[in-house]
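This report refers to the structure that appears directly beneath it.
Computed over heavy atoms, backbone and side chain alike; hydrogens, waters and symmetry mates excluded. Proteins get letters first, then strands, A, B, ... in listed order; numbering begins at 1 in each.
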Protein chains: 2
Amino acid sequence: MTKTTTGDQALIKRINTAIVLEAILREEPLSRAKISEVTGLNKATVSSLVQDLIDNQLVREIGTGVSSGGRKPVMLEFISTAGYSVGIDLGVNYLRGVLTDLRGAVVAERREPLSASDPDDVFNVLRPFIRSLISEAPDSPFGVVGIGVGVPGLVDSSGSVLYAPNMNWREVPLKDALSRTFGIPVLIDNEANVGALGERTFGSGRGVSNMVYVSVGIGIGTGLILQRTLYKGSSGFSGELGHLSVEAHGKPCRCGNRGCWELYASEQALLEQARELGFPGDLDELLAAAEAGDEKVRMLLAGIGEYLGVGIANIVNIFNPDAVIIGNRMSRAQPWIEDAVGKTLEERALNFHLRGVQLLFAELGGRSAVMGAAELSIAAFFDRLKAS
Amino acid sequence: MTKTTTGDQALIKRINTAIVLEAILREEPLSRAKISEVTGLNKATVSSLVQDLIDNQLVREIGTGVSSGGRKPVMLEFISTAGYSVGIDLGVNYLRGVLTDLRGAVVAERREPLSASDPDDVFNVLRPFIRSLISEAPDSPFGVVGIGVGVPGLVDSSGSVLYAPNMNWREVPLKDALSRTFGIPVLIDNEANVGALGERTFGSGRGVSNMVYVSVGIGIGTGLILQRTLYKGSSGFSGELGHLSVEAHGKPCRCGNRGCWELYASEQALLEQARELGFPGDLDELLAAAEAGDEKVRMLLAGIGEYLGVGIANIVNIFNPDAVIIGNRMSRAQPWIEDAVGKTLEERALNFHLRGVQLLFAELGGRSAVMGAAELSIAAFFDRLKAS
DNA sequence: TTAGTTTGTCTATTGAATAAACAAAGTTGA
DNA sequence: TCAACTTTGTTTATTCAATAGACAAACTAA
């Protein structure tokens with residue numbers, strides 16, 4: 001409670017170093033003079049801080065730039081390969097992983113199906129999977145700075161998976177298990193949260209302040225980015241908008257509530273409705289049928305889009321966000337649902353809120369979560385830098 | 001965009017001064033030695049900063065405290081009467097105002113009915129109303145530091161009332177009008193937002209990090225306090241949870257959506273249902289009937305409570321807050337709706353989210369908004385202090 | 001009365017940012 | 001080609017807030 005950081009000279013230096021580093025990240029390549037200009041810091045201060053960053057192998061000089069009528073500037077850039085990050089998307093029946101540099105550029109990528117479900121069995125697959133990604137990392141001053149993992153379930157602040165219904169997990173201390181094995185920082189979060197982070201950092205939500213990422217797969221999960229940061233509720237989990245009741249007296253949901261959004265707008269809802277109409281098969285087959293011009297399937301998809309729109313209108317009224325991004329598997333249905341979603345949204349959301357909002361689809365497709373997981377550990381690395 | 005505050009010694013001093021002032025506000029009366037102990041700042045630093053605060057008339061010495069075996073400490077306290085704040089609750093048919101000191105203690109209070117609706121007519125009532133509150137302020141070093149106003153409508157970041165349906169206002173530049181008249185800072189916000197602030201600071205939500213204030217009056221408005229601060233969406237307004245659709249194919253709402261929560265759980269919904277059952281009259285009469293033991297009216301109220309619970313379950317699933325507070329007029333129905341709300345909430349919200357959440361009723365009753373409005377301008381005063 | 005404790009101030013030191021001077025390295029125009 | 005001007009980045013002296021430690025004042029306790 002009374003853990004206030006008091007101000008001293010070291011704090012000033014940390015603040016200004018962060019400002020300089022962020023300027024370089026934002027506008028590289030950049031000279032010391034230009035940094036002084038854009039940050040407002042004195043030239044001498046910038047010189048001194050840049051020297052520290054160079055000593056710490058975070059920044060390097062890459063030769064001279066073009067003169068604007070005087071001495072040529074020495075250009076600086078961030079050393080993106082000063083360290084690497086591992087991102088893992090732990091799905092119900094697959095495992096996806098990337099190794100990225102500190103900028104998020106993918107260096108290595110792996111995918112494999114996952115048949116195990118018991119936590120210990122999953123660990124036994126996950127450990128070598130991660131180890132092989134780490135082994136791909138080139139030598140670098142900071143090495144692999146951390147592992148980020150997205151999981152399909154509720155995660156508490158200690159990194160335990162409290163509940164993952166589709167994997168039948170309860171109270172699984174995933175973070176502990178992994179950080180003991182690898183001895184580097186491990187960050188665990190919900191699949192929708194890391195997906196939101198991925199799209200915000202590398203995808204269609206770049207630079208946005210307030211956005212809601214709607215992960216439409218078997219169920220519906222949501223990741224909230226409010227005031228530029230991932231919102232977690234008081235217990236560390238939140239954003240269960242899939243269980244927002246959109247039909248107060250609708251079908252009962254396994255969560256205990258009635259008429260939950262995901263009962264009407266998820267992949268599962270689509271498949272069930274399709275079966276009732278005599279279309280067995282999975283999402284791929286339905287999309288193929290729609291592509292081939294099957295009117296019934298197109299109607300079905302439009303219906304799902306309409307219900308997606310109902311929930312998204314609620315989201316827009318609640319959060320007044322800059323963007324709502326539809327991601328995960330259902331984003332592949334974009335051509336067949338986009339119009340229905342957009343139309344319903346416009347009919348239902350408040351006019352004032354509609355003005356500023358964009359309806360987008362995930363730019364990273366199936367990689368939103370895995371990239372967000374990598375970003376999770378990159379962001380933690382930068383936070384540690386700032387704190388020390 | 002590139003308006004970064006760089007770090008220098010002045011910043012340190014501002015940070016540490018704020019730390020010292022907050023320590024005094026939190027634990028007064030307090031000695032310099034104790035401040036040094038709880039903040040971690042050096043004794044000499046504390047002495048110097050306290051002297052500045054004394055010079056600025058924000059803090060004063062109030063004599064010696066009890067010795068613990070050595071020299072007696074000189075106790076310090078915040079001078080709550082260093083300045084005053086005006087809070088206004090501008091209702092559809094009433095005007096409520098308070099004059100408070102910098103701690104929020106009410107020095108003067110006024111209420112009067114409001115028959116006017118046209119903006120200019122309202123201004124002509126509002127100006128003398130505020131002037132009379134200001135005239136009650138004793139002489140003080142900072143004088144009246146600002147005016148906070150809560151209004152029943154959408155407010156943009158410039159302090160204009162974009163849309164207040166029940167007053168028939170559109171694009172009314174309220175802040176401009178008042179700050180031109182009084183020449184002191186004016187802050188305008190939505191009634192539910194200031195109500196949330198009032199309950200968070202002075203009422204049942206004291207010290208809570210994440211809470212949702214549900215203002216149930218003619219309609220339903222909501223104020224969101226997330227990560228200790230009032231959440232505003234991208235356009236500066238948000239939290240229109242009254243227009244959350246809880247019946248996707250329910251009654252059409254004037255907002256364009258269908259099945260909006262406020263159509264089923266507001267005072268207006270109650271009165272309409274009562275009329276259908278042959279009970280004309282207003283909320284007071286219904287509450288009196290319930291009090292007198294009228295079973296039909298009690299059932300009616302329980303029904304409203306149930307629908308309130310439906311929406312609050314959604315809120316809990318969305319935000320995983322520490323508390324949900326029911327305020328405004330309907331909070332007076334607490335004895336007749338509390339059980340129904342609680343029961344529905346427990347049936348419908350996710351188990352994990354239910355664990356940490358408290359269902360509360362506004363402690364300030366009808367004064368949540370007016371006290372929050374006063375707090376709005378007090379908080380702005382402290383922010384200005386920190387910035388200079 | 002004396003020894004020990006607590007409070008709050010004073011003094012010298014540290015370290016980060018800064019303005020100003022400056023050297024180095026460039027451009028430009030006659 | 002050269003003198004005048006520009007731009008870059010470093011060096012130097014100064015300022016200012018925080019700090020440790022010394023210290024005086026005020027008190028308790030035995």
Side-chain angles (χ1 to χ4, degrees), chain A residues 4-21 23-24 27 29-56 59-77 386 388, chain B residues 4-21 23-24 27 29-56 59-77 386 388:
Chain A
T4 29
T5 5
T6 62
D8 60 355
Q9 310 233 63
L11 177 68
I12 295 189
K13 191 162 187 178
R14 286 207 302 276
I15 292 174
N16 289 339
T17 305
I19 290 174
V20 169
L21 186 55
I24 296 175
E27 305 178 37
L30 203 61
S31 69
R32 289 171 176 81
K34 194 82 189 169
I35 294 174
S36 166
E37 193 184 305
V38 301
T39 62
L41 289 165
N42 187 279
K43 286 191 297 173
T45 308
V46 171
S47 270
S48 153
L49 296 177
V50 163
Q51 193 51 54
D52 285 359
L53 288 171
I54 290 176
D55 292 345
N56 284 316
V59 163
R60 72 178 148 223
E61 300 183 338
I62 52 163
T64 54
V66 290
S67 157
S68 57
R71 173 173 161 182
K72 284 183 181 167
V74 178
M75 304 312 267
L76 303 164
E77 72 167 12
K386 282 180 206 167
S388 65
Chain B
T4 29
T5 6
T6 62
D8 60 357
Q9 311 235 62
L11 175 67
I12 294 191
K13 190 161 188 179
R14 286 205 304 274
I15 292 173
N16 289 339
T17 305
I19 289 174
V20 169
L21 186 55
I24 296 174
E27 306 179 37
L30 203 60
S31 69
R32 290 171 176 80
K34 195 83 189 164
I35 295 174
S36 166
E37 193 185 305
V38 302
T39 61
L41 289 165
N42 187 279
K43 287 191 297 174
T45 308
V46 171
S47 269
S48 152
L49 296 177
V50 163
Q51 194 51 55
D52 285 359
L53 288 171
I54 290 175
D55 292 344
N56 283 318
V59 163
R60 71 176 148 225
E61 301 184 338
I62 52 163
T64 53
V66 291
S67 158
S68 57
R71 172 172 162 185
K72 286 183 180 165
V74 178
M75 305 311 270
L76 303 165
E77 70 167 16
K386 283 180 206 168
S388 63

> Base, sugar-phosphate alone, or nothing: which one does A:Ala33 contact when heavy atoms must sit under 4.0 Å apart?
Replying inline: sugar-phosphate

>> Is there a side-chain contact between B:Arg32 and the phosphate of C:dT6, meaning an N or O under 4.0 Å from OP1 or OP2?
In response: no

> Could you state the CD-C1' distance from A:Glu61 to D:dT8, rounded to the nearest angstrom?
Replying inline: 12 Å

> What's the CD1-P distance between A:Ile19 and C:dA16, to the nearest Å?
Replying inline: 16 Å

> Would you say the side chain of A:Lys34 lies within less than 4.5 Å of the side chain of A:Met75, judging by non-hydrogen atoms?
Replying inline: no

>> Main chain of B:Lys13, side chain of B:Thr17: is a donor-acceptor contact present, judged purely on distance under 3.5 Å?
In response: yes

> Judged by atom type as modelled, is there a donor-acceptor pair below 3.5 Å linking the side chain of B:Ser36 to the main-chain atoms of B:Leu41?
Replying inline: yes

>> Distance check needed: C:dG15 P versus B:Leu11 CG, whole Å only.
In response: 20 Å

> When the nearest nucleotide of DNA chain C is assigned to B:Lys34 and to A:Lys43 on a heavy-atom basis, which residue is associated with the more 5' position?
Replying inline: B:Lys34

> Tell me: NZ of A:Lys13 to P of C:dG15, nearest whole Å?
Replying inline: 10 Å

>> Under 4.0 Å, heavy atoms only, any strand: does B:Val46 hit a base, just the sugar-phosphate, or nothing?
In response: nothing

> Which part of the nucleic acid does A:Ser48 contact within heavy-atom distance under 4.0 Å: base, sugar-phosphate only, or nothing?
Replying inline: nothing

>> Counting only side-chain heavy atoms from C-beta out, which of D:dA18, D:dG21, D:dT11 sits nearest to B:Ala44?
In response: D:dG21

Show me, pair by pair, the donor-acceptor contacts under 3.5 angstrom made by side chains of residues 65-72 of chain A, not counting sequence neighbours?
residue	atom	partner	partner atom	Å
A:Ser67	OG	A:Gly69	N	2.9
A:Ser67	OG	A:Gly70	N	2.9
A:Ser67	OG	A:Gly70	O	2.6

>> With a 4.0 Å limit, can you tell me whether A:Asn16 has a side-chain N or O closer than that to the phosphate oxygens OP1/OP2 of C:dA16?
In response: no

> Could you give the CE-to-C1' distance, from B:Met75 to C:dT7, as a whole number of Å?
Replying inline: 12 Å

> A:Leu30 has an atom CG; how far is it from atom C1' of D:dT8, in whole Å?
Replying inline: 13 Å

>> Is the shortest side-chain heavy-atom distance between B:Leu76 and B:Ile35 below 4.5 Å?
In response: yes

> Please give, in whole Å, the distance from D:dG9 P to A:Leu76 CG?
Replying inline: 7 Å

> Does any non-hydrogen side-chain atom of B:Ile15 lie less than 4.5 Å from one of B:Leu11?
Replying inline: yes

> Has the side chain of A:Asn42 got a donor or acceptor atom sitting under 3.5 Å from an opposite partner on the base of C:dA17?
Replying inline: no

> Relative to the 5' end of DNA chain C, which residue comes earlier, A:Leu41 or A:Gln9, by the nucleotide with the nearest heavy atom?
Replying inline: A:Gln9

> Just how far is it from atom CD1 of A:Ile19 to atom CG of A:Leu49, taken to the nearest 0.5 Å?
Replying inline: 9.5 Å

> Given atom CZ of A:Arg14 and atom P of C:dA17, what is their separation to the nearest angstrom?
Replying inline: 12 Å

>> Walk along nucleotides 25-30 of chain C from 5' to 3' and tag each nucleotide B, S or - by protein heavy-atom contact under 4.0 Å, base first, then sugar-phosphate.
In response: BBS---

